[in-house]
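In what follows, chains carry the letters A, B, and so on, assigned in the order in which the sequence lines appear, proteins first and then strands, with residues in each chain numbered from 1. Since this is a predicted model, take the numbers as computed values, not measurements.
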Amino acid sequence: MKFSDQILSWYQHNKRELPWRKGTSYQVFLSEVMLQQTQVKTVIPFFHRFLERFPNLSTLANSSLDEVYQVWQGLGYYHRARNMHKTAQIWSALGRDPRNYAEWIALPGVGPYTASILTAILLEHPAAAIDGNIKRILQRYFGLETIKEVKMVAENVLPSKNYGNYTQGLMDLGAMICTPKTPKCSMCPIAEFCKFKQGTWMPSKKAKNLKSVRYGHVYLCKKEDALWSVKNTESKLLKGLWGFPLSDLKEEEQSSYIEVPLTCLKGTVRHVFTHFILELRIWNATSRIEDVTSKWSNGKWLDFQQRKELGFSRLMRKIEEQENIWI
DNA sequence: AACTCGTGGGC
DNA sequence: TGCCCAAGAGT
């Protein structure tokens, strides 16, 4: 049996029931954006929450970007929220669904993978989507090294129909059987001719990435029940989200960034990002309200209830959670 | 072409 | 625990 037929046959009997399968084009699109670099299990609650707030394309297109950030908060990679909002407006103005790969990939936040899989699932046109799962399966099965080889093979093994099911079949196989660590080869429908299973191919080792630490300071100023809060419009990291006044980040530990005698250190917080570790010192800067509010002048006094209505990053929520202890 | 961009699952 | 890495895209 052909490679693609084995995948299709396995998928028919083993597919996962996921909330976006058999959904509208808008729902499938939303799921694909949320799933970029994010596990299915993490996405599911966010997916439902998002649809509750923005049930269809036009409600999203007509919303404000801040509302989108509010619903997206905690999911990470916030440029996705920004691009989704833009794409919704373009798509909504178009008045119909994109008709092919070129129209999909022209949209902000839609790259080669997302454009391919939407073309396959929604249009049933041939398109070789390559994500982490599919790359891993093809590399193992055919013993491939470079991404160039993977792309060629992916095109060559495409079926002649059922492109959506075939692609999702590969994804499910990658997520459930052909996992990165300890794949379940005994349950795999294509183990017989797999070069990895046969032991004739092994993945090349990756250089391990050493995560550097960056240091900074967060300043909490309290007035009655409110904390001085600012929206990040400057740095790309956590852009568009709200938080508390944050110093520039440095490679070395440093004394307080603003030149005032802050003596009331309340604690530290460590937060792990993809490419670095952030360590912040948290200050009670209430005695320096003037300094802080003039340096971060575009802020607001927000109480707990008001902050709940805005998009805060997980990092800032972590700090906020312990506010009562610290202040 | 590397870097940047979040957060949490899972082992 | 610390570490890899997840349905990648933009620059």
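Ion pair K239(A)/E234(A) not flagged as a salt bridge, since none of the NZ, NE, NH1 or NH2 atoms sits closer than 4.0 Å to an Asp/Glu carboxylate oxygen. Looking at E320(A) and R317(A), a side-chain N of the basic residue comes within less than 4.0 Å of a carboxylate O on the acidic one, giving a salt bridge.
Using a 4.0 Å heavy-atom distance criterion, V40(A) is classed as a base contact. Residue-level contact check: W20(A) touches the bases, meaning some heavy atom is under 4.0 Å from a base atom. In this structure, V272(A) reaches the bases: a heavy-atom distance under 4.0 Å links it to at least one base atom across the strands shown. Counting non-hydrogen atoms under 4.0 angstrom, L237(A) reaches the backbone sugars and phosphates but no base. Using a 4.0 Å heavy-atom criterion, one finds that R21(A) contacts the bases of the nucleic acid, with or without backbone contacts as well. No engagement by S31(A) is indicated, since no non-hydrogen atom pair under 4.0 Å with the nucleic acid exists. Nucleic acid contact for G174(A): none, since no nucleic acid atom lies under 4.0 Å from a heavy atom of the residue. At a threshold of 4.0 angstrom between heavy atoms, the contacts of L18(A) include nucleobase atoms, whether or not backbone atoms are also involved. Across all strands shown, S313(A) has heavy atoms under 4.0 Å from sugar-phosphate atoms exclusively, and none from any base.
Taking atom CG of residue N133(A) and atom C1' of nucleotide dG8(C), one finds them 12 Å apart after rounding to whole Å. Rounded to whole Å, the distance from CE on M171(A) to C1' on dC5(C) is 16 Å. Going from atom CZ of F29(A) over to atom P of dA9(C) covers 11 Å, rounded to whole Å. The separation between K41(A) atom NZ and dA7(C) atom P is 14 Å, rounded to whole Å. dA7(C) atom P lies 10 Å from atom CD1 of I134(A), rounded to whole Å. Atoms CG (L35(A)) and P (dG8(C)) sit 8 Å apart, rounded to a whole Å. Between the NZ atom of K236(A) and the C1' atom of dG10(C) there is a distance of 9 Å, given to the nearest Å. Here dA7(C) presents its C1' atom at 11 Å from CZ of R136(A), a figure rounded to the nearest Å.
Note: F312(A) and Y69(A) fail the aromatic proximity criterion, with ring centroids not under 6.0 Å apart. Aromatic rings of F273(A) and F276(A) (six-membered ring for Trp) have centroids within the 6.0 Å cut-off, being under it. A distance of 6.0 Å or more separates the ring centres of W228(A) and W296(A).
Position along DNA chain C of the nearest nucleotide to G109(A) versus I117(A) favours I117(A) as the more 5'-ward residue. Where T182(A) and L75(A) meet DNA chain B, the nucleotide closest to each residue was compared, and L75(A) sits on the side nearer the 5' end. Both G111(A) and K181(A) lie near DNA chain C, and the one whose nearest nucleotide falls closer to the 5' end is K181(A).
The 12-atom threshold is exceeded at CD of E124(A), counting heavy atoms of other residues, nucleotides or ligands nearer than 6.0 Å.
From S247(A), atom OG reaches atom CG of L280(A) across 7.0 Å, with rounding to the nearest 0.5 Å. Taken to the nearest 0.5 Å, the CD atom of E32(A) stands 8.5 Å off from the CG atom of L122(A).
Residues I190(A) and I137(A) meet the side-chain proximity criterion, which asks for heavy atoms closer than 4.5 Å.
For DNA chain B, the span of nucleotides reached by chain A at under 4.0 Å from its heavy atoms goes, 5' to 3', from dT4(B) to dG10(B).
Nucleotides dA7(C) and dA2(B) have their C1' atoms positioned 23 Å apart, rounded to a whole Å. For the P atom pair drawn from dA9(C) and dG9(B), the interatomic distance equals 23 Å after rounding to whole Å. Nucleotides dC4(C) and dG6(B) place their C1' atoms 15 Å apart, quoted to the nearest Å.
In terms of phosphate contacts, Q37(A) brings a side-chain nitrogen or oxygen within less than 4.0 Å of OP1 or OP2 of dG8(C).
Scanning atom types as modelled, one donor and one acceptor separated by under 3.5 angstrom connect the side chain of R16(A) and the base of dA7(C).
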